[in-house]
Amino acid sequence: MSAMFRSLSGRNYRIWFAGALVSNIGTWMQRTAQDWLVLTQLTHDDAVAVGVTMALQFGPQLVLLPWTGLVADRFDRRRMLMLTQGLMGLLGLGLAVMVLTDTATLWSLYGFALALGVVAAFDTPVRQAFVSDVVTGEQVSNAVALNSASFNAARLIGPAVAGVLIAAIGSGWVFVINAGSFLAVLIALRFVDPKQLADRARAPRGKGQLIAGFRYVRTRPDIIVVLCMIFVVGTFGVNFAIFTSTMARVEFHRGAGEFGLLNSVMAVGSVLGALLSARREVPRMRTLTIAAGGFGLACTAAAFAPTYWTFAILLAFLGLASLTFMTTANALVQTTTAPAMRGRVMALYMAVFAGGTPLGAPIVGAVADAWGPRWAIGVGALSGFVALAIALVWLVRFQHVRLRYDADNRLHLAVTRSLPVVTPAPGSRAARAAVRRDLEHDEAVAQRSSAV
């Protein structure tokens with residue numbers, strides 16, 4: 001099997017991957033139908049209402065953070081996923097009943113979004129950490145990237161199908177299909193062999209375990225800088241539902257089918273970004289930094305798109321940059337975290353990434369309502385450039401990355417360090433030791449430069 005799909009060589013991961021793909025397609029169908037329902041049926045093109053729905057759906061991840069991460073580290077993750085996935089399926093079915101019986105209101109949908117957010121707050125860190133149970137060692141990074149590819153392949157299929165079905169049979173039946181899609185992941189979990197899951201150290205019972213994840217991250221400045229970057233982009237940049245729905249409806253005056261197509265086109269770039277990430281053996285900070293800048297540039301170009309089709313094409317590049325950024329950040333955190341702390345750290349990661357949505361989504365929605373959707377996308381562009389600045393400051397100040405010309409006048413990155421200036425006597429023991437130190441230092445610089 002090629003290096004890009006190496007983690008699929010394991011039986012457990014193949015089963016999990018297939019079930020998750022079907023469930024993800026249903027989830028994206030529901031998200032598309034939900035955003036369109038709020039924007040066109042429950043309100044009169046109110047982008048703030050879409051933002052509030054997103055805030056309620058992602059806010060519980062921040063509030064419940066201390067408990068969700070501990071659950072992921074203490075309990076059987078396979079059984080926890082069966083519980084959370086089953087509950088989300090039931091919630092989707094309940095929303096379908098409300099819509100089909102014409103009893104759905106904006107406030108009832110807000111309640112559904114909040115309930116789904118509470119369940120997802122427990123599901124997300126467990127699902128993220130479960131990857132390291134079904135694969136081990138160097139395959140974790142590849143599995144994380146393939147999970148992103150699966151998620152975004154679903155985003156390629158789900159919105160397009162949802163757009164057609166919304167126009168043909170209505171949003172209610174889309175929610176029914178989503179509820180049924182959770183059966184796929186439940187069946188997959190049933191057939192995952194627990195005996196082949198990786199052994200892991202579980203969080204012990206006792207005081208201090210709730211905040212142990214915070215203490216661990218505090219000692220890891222490399223994780224802190226990734227969390228800062230992902231917070232900025234997750235809060236103000238990853239508001240694609242607002243960007244695509246308002247641009248389709250308000251700026252280009254298009255319908256549900258064209259709205260779904262925008263999400264699918266964006267997913268093309270996202271899948272490509274995830275697959276390219278899967279080819280990399282090790283996630284690097286350099287890749288994350290470049291992706292942050294690419295995200296800012298792609299948002300800037302999309303904000304100035306003159307036509308619907310130009311905007312659609314630029315969304316593919318935005319998807320590529322955003323998925324490269326998110327997949328690299330996720331893999332960096334997962335692969336460098338101690339196994340016993342992975343659930344709590346990933347809960348913190350997801351809370352930082354999605355927990356900023358209650359702040360950012362209503363602000364971005366308000367910007368779209370007040371000044372138009374192009375300015376809202378401009379806020380997303382700014383978030384990418386801020387994340388780029390955070391990475392560059394960290395690389396320069398703490399990793400001592402510098403730009404310089406070598407002997408051939410080629411500009412490149414080099415890692416330097418400040419050493420005391422000592423001038424030993426020529427030919428002395430100190431001079432010979434200095435030469436050896438210089439040689440060792442040059443070798444270390446070359447190794448560290450290749451890792452940056």
Side-chain angles (χ1 to χ4, degrees), residues 55 58-70 72-73 120-121 124-129 131-132 140-141 144-145 147-148 210-239 277 282-296 321-361 380 382-399 401 452:
F58 293 110
Q61 293 197 33
L62 183 62
V63 177
L64 300 174
L65 169 63
W67 294 273
T68 58
L70 185 59
D73 279 334
T124 302
V126 177
R127 183 160 34 85
Q128 293 284 330
V131 174
S132 61
V140 173
S141 177
V144 170
N147 278 355
S148 295
L210 285 176
I211 61 173
F214 295 96
R215 291 173 177 168
Y216 176 82
V217 170
R218 190 173 60 187
T219 66
R220 294 287 305 276
D222 56 328
I223 292 181
I224 291 175
V225 73
V226 174
L227 292 179
C228 290
M229 294 173 68
I230 206 72
F231 172 77
V232 173
V233 175
T235 300
F236 299 105
V238 188
N239 291 289
S277 297
V282 180
R284 300 183 185 278
M285 189 65 188
R286 177 179 59 188
T287 306
L288 186 66
T289 304
I290 294 172
F295 181 85
S322 64
L323 248 292
T324 301
F325 178 82
M326 290 185 284
T327 300
T328 304
N330 190 307
L332 273 171
V333 174
Q334 282 218 51
T335 56
T336 61
T337 299
M341 300 297 301
R342 190 169 284 135
R344 279 163 286 185
V345 173
M346 290 311 298
L348 178 59
Y349 172 89
M350 294 307 301
V352 169
F353 176 55
T357 302
L359 170 66
L382 181 61
S383 72
F385 294 133
V386 171
L388 172 64
I390 292 171
L392 292 177
V393 169
W394 183 75
L395 288 171
V396 170
R397 293 194 59 184
F398 299 101
Q399 295 297 298
V401 173
V452 173

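Partners of R220 under the side-chain hydrogen bond (donor to acceptor under 3.5 Å, both in side chains) rule, at least two apart in sequence or in another chain, are Y216, D222, T336. Considering only residues two or more places apart in sequence or on other chains, V232 meets the side chain to side chain contact (heavy atoms under 4.5 Å, CB included) condition with S383, V386, I390. Here A329 pairs with V226, I230, L288, Y349 under the side chain to side chain contact (heavy atoms under 4.5 Å, CB included) rule; sequence neighbours left out.
When every heavy atom of A321 is checked against every heavy atom of G294, the shortest pair comes out as CB-C, 3.7 Å. Across all non-hydrogen atoms, the minimal contact from T324 to A291 is CG2-CB, 3.9 Å. When all heavy atoms are compared, the tightest approach of A387 to A292 is CB-CB, 4.0 Å.
The CD1 atom of I223 lies 4.0 Å from the OG1 atom of T337; values are rounded to the nearest 0.5 Å. Taking CG of L395 as the reference point, atom OG1 of T289 lies at 5.0 Å (rounded to 0.5 Å). Atom CH2 of residue W394 and atom CE of residue M229 lie 10.0 Å apart, to the nearest 0.5 angstrom.
In this structure the side chain of T328 never reaches within 4.5 angstrom of the side chain of R284, judged on heavy atoms.
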Open item on the list: With side chain to side chain contact (heavy atoms under 4.5 Å, CB included) as the criterion, how do V233 and M326 come out once you've worked through the C-alpha distance, each side chain's angles and the decisive distance to 0.1 Å?
Closed with: CA-CA 9 Å; V233 175; M326 290 185 284; 6.0 Å; no
